[in-house]
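I have placed the structure first, in the form of structure tokens, so that the comments after it can refer back to it.
Count residues from 1 along the sequence. As the structure is a computational prediction, the values presented were derived from the model and not from experiment. Start at 1 and go down the list; that is how both ligands and their atoms are numbered.
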Amino acid sequence: MKNKSYQAINDSTCGWSHTTTEAPSYPRLEENKQADWVIVGAGFTGLAAAFRVAELNPDDSIILLDAEKAGNGASARNSGYIVDITLNDGGSSLADEQTQLAKSRLNMAGLELLRQQVNQYEIDCDWDESGKLHCAADARNIPKLKNFENFLGRAEVPYKIWQKKALSHRLGTDYYQYAVQTHKGVLVNPAGLVNGLLENLPASVSVYEHTPVSDVQSGDSIRMITPGGTVTAGRAIIAVNALMPKLGLKSDRVFPLTLTASLTRPLNEQEYQSIGKPEPWGVLSASSMGATVRLTNDRRILVRNTVEWWPSLKMDETSLAQRRQKNQMGLRKRFPGLTGLGIDYTWSGHVCISRNSKPVFEKIENNLYLAGCYNAGGVAMGSLFGKLIVDYASGLESEQLSYVLEQEKPVFIPPRPLLDVGLKTRLAWQRYQGRNEA
Ligand SMILES: Cc1cc2nc3c(=O)[nH]c(=O)nc-3n(C[C@H](O)[C@H](O)[C@H](O)COP(=O)(O)OP(=O)(O)OC[C@H]3O[C@@H](n4cnc5c(N)ncnc54)[C@H](O)[C@@H]3O)c2cc1C
């Protein structure tokens with residue numbers, strides 16, 4: 001497991017971070033340390049793991065390391081949907097439906113963990129219980145939503161159907177034809193949520209940021225090697241999600257994709273009035289390549305409509321500006337009347353994907369555990385997996401843990417350059433299919 005020269009991939013352009021409470025600051029690791037536990041990665045997974053260790057073992061010392069600014073990975077940069085149930089992984093067989101419902105139960109368990117923490121610590125993250133709308137702009141995608149609707153009906157999951165006229169009124173745009181709303185999901189400012197969790201970490205957790213782990217040495221204890229010092233600990237959790245392959249982990253099973261989002265300035269009163277003063281909303285597309293769009297509590301519009309294979313991960317300024325244009329086009333298509341509405345922030349982030357959409361959750365070696373790869377939906381799932389991986393490392397048992405351990409593992413992916421060709425072709429095809437939803 002080696003990642004000799006870590007290069008920062010997350011800049012400070014994320015709009016959520018600029019429109020919420022400031023992130024706390026932590027030192028770099030500058031000496032050798034010992035702890036009972038070491039956790040690598042301060043996103044939702046690593047944070048949930050830290051909270052869980054402290055809950056189970058109040059006297060244990062915990063060191064939490066992050067390669068960059070703590071919390072500023074995908075956990076701050078996502079679209080802020082804490083999902084209840086997903087659309088795209090449902091199939092038509094009974095077994096597929098059961099799997100989707102089981103996944104929904106896991107998501108709900110993660111959501112409840114977050115809800116409990118938001119309430120307990122009074123975290124200011126624009127927590128909004130209005131659910132999410134799965135929308136089709138292209139009539140060819142309506143049957144997919146109808147299938148989803150039938151599935152929700154059979155599973156007795158509450159939902160609401162939106163026909164075009166009512167939907168236009170609800171959203172303030174007549175871009176969409178049809179929608180299925182599920183009610184239990186929550187919308188947040190994700191940076192506000194992750195910063196709030198960091199702020200409220202138990203006193204037994206010491207955080208070091210800008211401290212990339214370059215090597216993991218295992219034996220009776222685990223040693224994390226970083227540029228400024230080492231951490232030796234009895235047990236270790238690795239929660240680096242899309243960066244697993246960079247650390248030499250699961251590179252034949254998972255790969256990162258890069259997504260780019262933009263957040264506008266707040267709509268002024270006149271603009272807000274011109275779209276009918278809708279309440280905040282969150283739209284997910286019926287197409288996997290379609291746009292995620294939100295109207296936030298502070299009346300900004302978020303558009304995320306690019307998904308790319310970008311092996312270097314870091315997006316330079318010119319490339320980011322090109323993606324901003326694509327986000328802007330998505331905005332104009334939906335709100336042609338808001339001609340003066342400028343974009344304040346554009347940023348990229350990374351999701352971790354496996355070919356069969358399965359997560360990683362396992363013991364890699366004695367006392368060394370790995371959790372991640374949520375296939376683009378890791379706010380709730382990451383929070384649950386962070387807790388469960390600590391339970392697993394602690395020898396606890398539960399129905400939830402058994403279920404997660406029994407799940408199929410990510411299947412083999414070919415090495416580069418075969419992977420490059422395969423991914424580019426597949427993404428291009430999906431982009432073509434979803435061209436009217438982006
Ligand atoms: C644009 C975008 C939109 C998304 N929208 C949604 C959404 O609406 N809902 C949803 O549920 N999910 C969404 N996701 C996915 C979700 O953000 C992730 O699944 C989730 O944040 C994963 O959390 P994590 O803690 O596992 O990983 P991360 O948040 O990525 O945290 C991993 C941390 O590990 C650190 N790290 C990496 N390598 C090292 C190393 N070598 N040494 C030390 N530290 C290291 C990183 O700096 C990072 O802080 C989206 C993602 C993106 C990018």
*asked:* Heavy atoms only, cut-off 4.0 Å: how does Lys246 contact ligand 1, side chain, backbone, both, or neither?
replied: neither
*Determine, considering heavy atoms only, which of Asn375, Val351, Val379, Leu284 sits nearest to atom 52 (C) of ligand 1.*
Val351
_His18 ring center within less than 6.0 Å of Tyr345 ring center_ = yes
*May I ask you to identify, for Arg77, whether its side chain, its backbone, both or neither come under 4.0 Å of ligand 1 on a heavy-atom basis?*
backbone
*Under the side-chain contact (heavy atoms from CB on, under 4.5 Å) rule, collect the residues that match up with Ile9, sequence neighbours excluded.*
Tyr6, Glu68, Leu243, Leu313, Lys314, His350
*Hey, is Ala242 touching ligand 1 through its side chain, its backbone, both or neither, going by heavy atoms under 4.0 Å?*
neither
*Of Ala76, Ser383, Ser75, Cys352, which has the heavy atom at the shortest distance from atom 23 (O) of ligand 1?*
Ser75
*Are Phe385 and Phe44 close enough that their ring centers fall under 6.0 Å?*
no
*Answer with side chain, backbone, both or neither: which part of Ala74 has a heavy atom less than 4.0 angstrom from an atom of ligand 1?*
both
*Could you tell me whether some N/O pair between Thr45 and ligand 1 is separated by less than 3.5 angstrom?*
yes
*Report the part of Leu243 (side chain from C-beta onward, or backbone N, CA, C, O) that has a heavy atom under 4.0 Å from ligand 1; answer both or neither where that applies.*
side chain
*Could you give all pairs that pass the side chain to side chain donor-acceptor pair (under 3.5 Å) test and reach residues 379-392, with sequence neighbours left out?*
Arg52-Asp391
*Polar contact flag for Ser79 and ligand 1 (N/O pairs, less than 3.5 Å)*: yes
*asked:* Could you check whether any side-chain N or O of Trp16 sits under 3.5 Å from a backbone N or O of Pro190, counting only pairs where one atom can act as donor and the other as acceptor?
replied: no
*Side chain, backbone, both or neither: which part of Ala239 has a heavy atom under 4.0 Å from ligand 1?*
backbone
